[in-house]
Amino acid sequence: MTETSAATRPLRIAIVGAGPAGIYAADALMKSDAEVSIDLYERMPAPFGLIRYGVAPDHPRIKGIITALHKVLDKPQVRLLGNIDYGSDITLEELRRFYDAVIFSTGANADRELRIPGIDLDGSYGAADFVSWYDGHPDVPRNWPLDAEKVAVLGVGNVALDVARVLAKTGDELLPTEIPPNVYEGLKQNKALEVHVFGRRGPAQAKFTPLELRELDHSPTIEVIVDPSDIDYDEGSEAARRHSKQVDMVCNTLEQWAIRDVGDRPHKLFLHFFEAPAEVIGDENGKVVGLRTERTQLDGTGNCKPTGKFTDWEVQSVYRAVGYLSQNIPQLPFDEQAGTVPNEAGRVLVDEDADGAARYLPATYVTGWIKRGPVGLIGHTKGDANETIACLLDDAPNFAPAADPDPESVTKWLEDKGIPFTTWAGWYRLDAHERSLGEPQGRERVKVVEREDMLRASEPHKV
Ligand SMILES: Cc1cc2nc3c(=O)[nH]c(=O)nc-3n(C[C@H](O)[C@H](O)[C@H](O)COP(=O)(O)OP(=O)(O)OC[C@H]3O[C@@H](n4cnc5c(N)ncnc54)[C@H](O)[C@@H]3O)c2cc1C
């Protein structure tokens, strides 16, 4: 292949990570005036990132966003190259050979650490691992121990609500969803009768969104309980309520729950505030038998200070839902503290020159959770993508053209390397297979878990 001027052919763009951020980036590129040809790389055999492997199975409306994303991937200017891991299957130099620019949208898939004594005990889990299990991720064990009658969930965001809700629901309540058979069998054995969610600060500081919070109360098996003494606000909290309708709605819901009588639904879900996790308590075999929390109180600004008053809660397992964390991307700078690739509006930032001017990695961009950290909803990744693509298009006239931009070259190279990559047509085959598994049971789909089974149904390389 001879070197071609990028001006006489479509811009060749690689996007690494086929979650919502990567797909919205492809959409923004195709909606621009530029002529583009895009390959969307994904390490899983199937696309859609955390929509498939994070969003809870009892949120079918959110999972349904996949249908809208189909319209993007149906376009002829974009190809899906799944089951390819950037870093091990393909490097940045190799991508540069085939593409004029590279966008990373690798998201986040691990748990942020919580450094308290006992956090590594048997029975103490990260929420991301549990979420991956119930969402049928191929790379986690098939069995999950659900033998605890009393469970603690640490954190007051939507992931904590998902974990608490799934733990408090029955397997049969979740059966109509897409959960795979091993997850249904596991949840049927779940012994949890009490789930205790702990927040270090107060109701006005909780990160729940109002809809997700109210949804807890919709299950016929879950009794949501809030202690009236946990409803407290200071000046900072009142200001937060005035500034944000969402914060105010969350506070109103929690207040209503705090003053009502406790009903008789069998599973109790307690939402505790002003209790900072201090230690996970273990027995002589290293198994979780409790959680120690320290009472906190508001300091006037909406922050909390410790009171020195400790409580021990009898629980047999602890789930920490204190945030997701992105992984370091090989050959890119990484801010370990923030868990992001340093960037300005999506341009990957290397450092500053002697005059303080930003130096960027040429033709390399980020978008989504890897760009701004693991917060925000699926919809937020759209704005992210638009900002990143605007920068890319501004820079495009100065791109060094790819040495081998022919789309067939890269797929031939992947085939020669023996990488069984999946395609967009392969997703349609897997999708049809999953739907056919659900049909006899009147379910929309049953998810395939094993990577080999996903690959078999997708038929790698076939377009
Ligand atoms: C448990 C949970 C529940 C959520 N529920 C909701 C909800 O109900 N509603 C809502 O709006 N939002 C929800 N969110 C938020 C939403 O999932 C995120 O906003 C969104 O997924 C972020 O998109 P992303 O594309 O940046 O990352 P991701 O969705 O993580 O996508 C990144 C993709 O990159 C791939 N990848 C990573 N590394 C590599 C590599 N080396 N090579 C190739 N591919 C790679 C990953 O496999 C993945 O497919 C939830 C998040 C979590 C964690």
Side-chain angles (χ1 to χ4, degrees), residues 14-26 39-66 69 80-92 95 102-112 126-135 137-139 155 157-166 207-209 211-212 215 319 321-332 339-341 346 366-385 388 419 421-422 427 451:
I15 301 177
V16 180
I23 299 175
Y24 284 132
D39 285 340
L40 196 44
Y41 285 82
E42 171 54 50
R43 66 150 62 119
M44 304 305 295
F48 307 122
L50 285 170
I51 306 184
R52 185 172 163 96
Y53 292 120
V55 170
D58 57 348
H59 280 171
R61 195 178 53 81
I62 308 293
K63 296 258 185 205
I65 294 176
I66 285 177
L69 298 181
L80 175 72
L81 299 173
N83 200 39
I84 299 176
D85 183 50
Y86 167 82
S88 57
D89 292 325
I90 194 161
T91 65
L92 190 55
L95 286 174
V102 186
I103 303 169
F104 288 89
S105 47
T106 47
N109 65 354
D111 283 293
R112 190 171 274 281
D129 291 337
F130 182 54
V131 167
S132 294
W133 173 76
Y134 69 58
D135 251 345
H137 195 293
D139 300 340
N158 284 345
V159 176
L161 289 184
D162 283 347
V163 166
R165 199 178 63 251
V166 170
K207 301 279 181 250
F208 309 134
T209 48
L211 197 73
E212 274 69 22
E215 189 198 334
Y319 292 75
V322 292
Y324 268 53
L325 197 63
S326 297
Q327 312 284 286
N328 188 350
I329 303 180
Q331 299 173 281
L332 255 57
T340 53
V341 170
V366 284
T367 192
W369 274 15
I370 191 68
K371 172 184 175 186
R372 70 180 152 80
V375 282
L377 297 174
I378 295 162
H380 295 129
T381 61
K382 202 170 190 171
D384 262 355
T388 295
I419 299 170
F421 63 85
T422 56
W427 159 254
R451 195 175 270 266

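Remember, it's 1-based here, ligands and their atoms both numbered in the order they're listed. The figures that follow rest on heavy atoms only: side chains count, while hydrogens, waters and symmetry mates do not.
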Subject >> Closer than 4.0 Å: a protein non-hydrogen atom to atom 50 (C) of ligand 1 >> reply: no
Subject >> atom 19 (O) of ligand 1: the protein heavy-atom neighbour that sits closest, reported with distance to 0.1 Å >> reply: Gly376 O, 3.0 Å
Original post:
Between Tyr41 and Tyr86, does the ring centroid distance fall short of 6.0 Å?
Top reply: no
**OP:** Give the numbers and elements of all ligand 1 atoms closer than 4.0 Å to a heavy atom of His59.
**Re:** 8 (O)
**OP:** Can you sort out which atoms of ligand 1 are near Met44, meaning under 4.0 Å from one of its heavy atoms?
**Re:** 47 (O)
Original post:
What protein heavy atom sits nearest atom 25 (O) of ligand 1, and how far away is it?
Top reply: Ala21 N, 2.9 Å
Original post:
When the ring planes of Tyr53 and His137 are compared, do they come out parallel, tilted or perpendicular, using 30° and 60° as the limits?
Top reply: tilted
**OP:** Output yes when the distance from some N or O of ligand 1 to some N or O of Ile378 is under 3.5 Å, and no in every other case.
**Re:** yes
**OP:** Could you check which of Gly19, Ser132, Ala56 puts a non-hydrogen atom nearest to atom 31 (O) of ligand 1?
**Re:** Gly19
Original post:
Got a second to check how far Phe421's CZ is from Asp39's CG, nearest 0.5 Å?
Top reply: 9.5 Å
Subject >> Side chain to side chain, Val55 and Phe48, heavy atoms closer than 4.5 Å >> reply: no
Original post:
What protein heavy atom sits nearest atom 46 (C) of ligand 1, and how far away is it?
Top reply: Glu42 OE2, 3.5 Å
Original post:
Can you check whether Ala385's main-chain N or O pairs, donor with acceptor, with Thr388's side chain at less than 3.5 Å?
Top reply: no
Original post:
For ligand 1, is any non-hydrogen atom under 4.0 Å from Pro20's backbone (N, CA, C, O), its side chain (CB onward), both, or neither?
Top reply: both
Original post:
How far is atom 1 (C) of ligand 1 from its nearest protein heavy atom, and which residue and atom name does that atom have?
Top reply: Gly54 O, 3.3 Å
Subject >> Taking atom 34 (O) of ligand 1 as the reference point, the nearest protein heavy atom with its distance >> reply: Gly17 CA, 3.2 Å
Original post:
Less than 4.5 Å apart, any side-chain heavy atom of Asn83 and any of Ile419?
Top reply: no
Original post:
Are Thr209 and Asn158 linked by a side-chain donor-acceptor pair shorter than 3.5 Å?
Top reply: yes
**OP:** Take every heavy atom of Asn109, measure it against each atom of ligand 1, and state whether any distance is under 4.0 Å.
**Re:** no
Original post:
To the nearest 0.5 Å, how far apart are CD1 in Ile62 and CG in Leu50?
Top reply: 13.0 Å
Original post:
Under 3.5 Å, side chain of Thr367 to main-chain N/O of Ala21, donor-acceptor pair present?
Top reply: no
Original post:
Has the side chain of Lys371 got a donor or acceptor atom that lies under 3.5 Å from a matching backbone atom of Val341?
Top reply: no
Original post:
Where does Thr381 meet ligand 1, judged by heavy-atom distances below 4.0 Å: at the side chain, the backbone, both, or neither?
Top reply: side chain
Subject >> Close approach of Ile84 to ligand 1, heavy atoms, under 4.0 angstrom >> reply: yes
Subject >> Any donor-acceptor N/O pair, Thr422 side chain to Pro45 backbone, under 3.5 Å >> reply: yes
**OP:** May I ask you to check if ligand 1 and Trp369 share an N or O to N or O distance below 3.5 Å?
**Re:** yes
Original post:
Does Thr106 offer a backbone N or O that forms a donor-acceptor pair with the side chain of Trp369 under 3.5 Å?
Top reply: no
**OP:** Report the part of Leu50 (side chain from C-beta onward, or backbone N, CA, C, O) that has a heavy atom under 4.0 Å from ligand 1; answer both or neither where that applies.
**Re:** both
Original post:
Is there a nitrogen or oxygen of Asp85 sitting under 3.5 Å from a nitrogen or oxygen of ligand 1?
Top reply: yes
Original post:
Looking at atom 5 (N) of ligand 1, what's its closest protein heavy atom, distance included?
Top reply: Val55 CG2, 3.6 Å
**OP:** Would you mind listing which atoms of ligand 1 come within a distance below 4.0 Å of any non-hydrogen atom of Gly49?
**Re:** 29 (O), 31 (O), 48 (C), 49 (O)
Original post:
Is the closest side-chain heavy-atom distance between Leu69 and Ile51 below 4.5 Å?
Top reply: yes
Subject >> Atom pair CD1/OG1 of Ile23 and Thr381 - distance to nearest 0.5 Å >> reply: 9.0 Å
**OP:** For ligand 1, indicate whether the residue Val159 contacts it via side chain, backbone, both or neither (heavy-atom separation under 4.0 Å).
**Re:** side chain
Original post:
Does an N or O anywhere in Tyr41 fall below 3.5 Å from an N or O of ligand 1?
Top reply: no
Original post:
Okay, side chain of Thr340, backbone of Ile370: is any donor-acceptor separation there less than 3.5 Å?
Top reply: no
**OP:** Please work out whether the ring planes of Trp133 and Phe130 are parallel, tilted or perpendicular, with thresholds of 30° and 60°.
**Re:** parallel
**OP:** Please report which non-hydrogen protein atom sits nearest to atom 7 (C) of ligand 1, along with the residue it belongs to and the distance in Å to one decimal place.
**Re:** Ile62 CG2, 3.8 Å
Original post:
Are there protein heavy-atom neighbours of atom 14 (N) of ligand 1 below 4.0 Å?
Top reply: no
**OP:** Considering heavy atoms of the protein only, find what lies nearest to atom 37 (C) of ligand 1 and give residue, atom and distance to 0.1 Å.
**Re:** Thr106 O, 3.2 Å
Original post:
Would you say the side-chain atoms of Asp85 pair up with the backbone N or O of Arg43, donor to acceptor, closer than 3.5 Å?
Top reply: no
Subject >> Ala108 and ligand 1 - part of the residue with a heavy-atom distance under 4.0 Å >> reply: backbone
Subject >> Heteroatom distance test (Arg43, ligand 1): nitrogen or oxygen, under 3.5 angstrom >> reply: yes
**OP:** Between Tyr53 and ligand 1, find which residue part has any heavy-atom pair under 4.0 Å and reply side chain, backbone, both or neither.
**Re:** neither
Original post:
Considering only heavy atoms of Asp162, which atoms of ligand 1 have at least one such atom less than 4.0 Å away?
Top reply: 3 (C)
**OP:** Assess Gly87 for proximity to ligand 1: is some non-hydrogen atom of it under 4.0 Å away?
**Re:** no
Subject >> Sub-4.0 Å atoms of ligand 1 with respect to non-hydrogen atoms of Gly368 >> reply: 26 (O)
Original post:
At what distance, to the nearest 0.5 angstrom, does CG of Leu161 lie from CZ of Phe208?
Top reply: 4.5 Å
Subject >> Atom indices of ligand 1 within 4.0 angstrom of Ser105 heavy atoms, with elements >> reply: 32 (C), 33 (C), 34 (O)
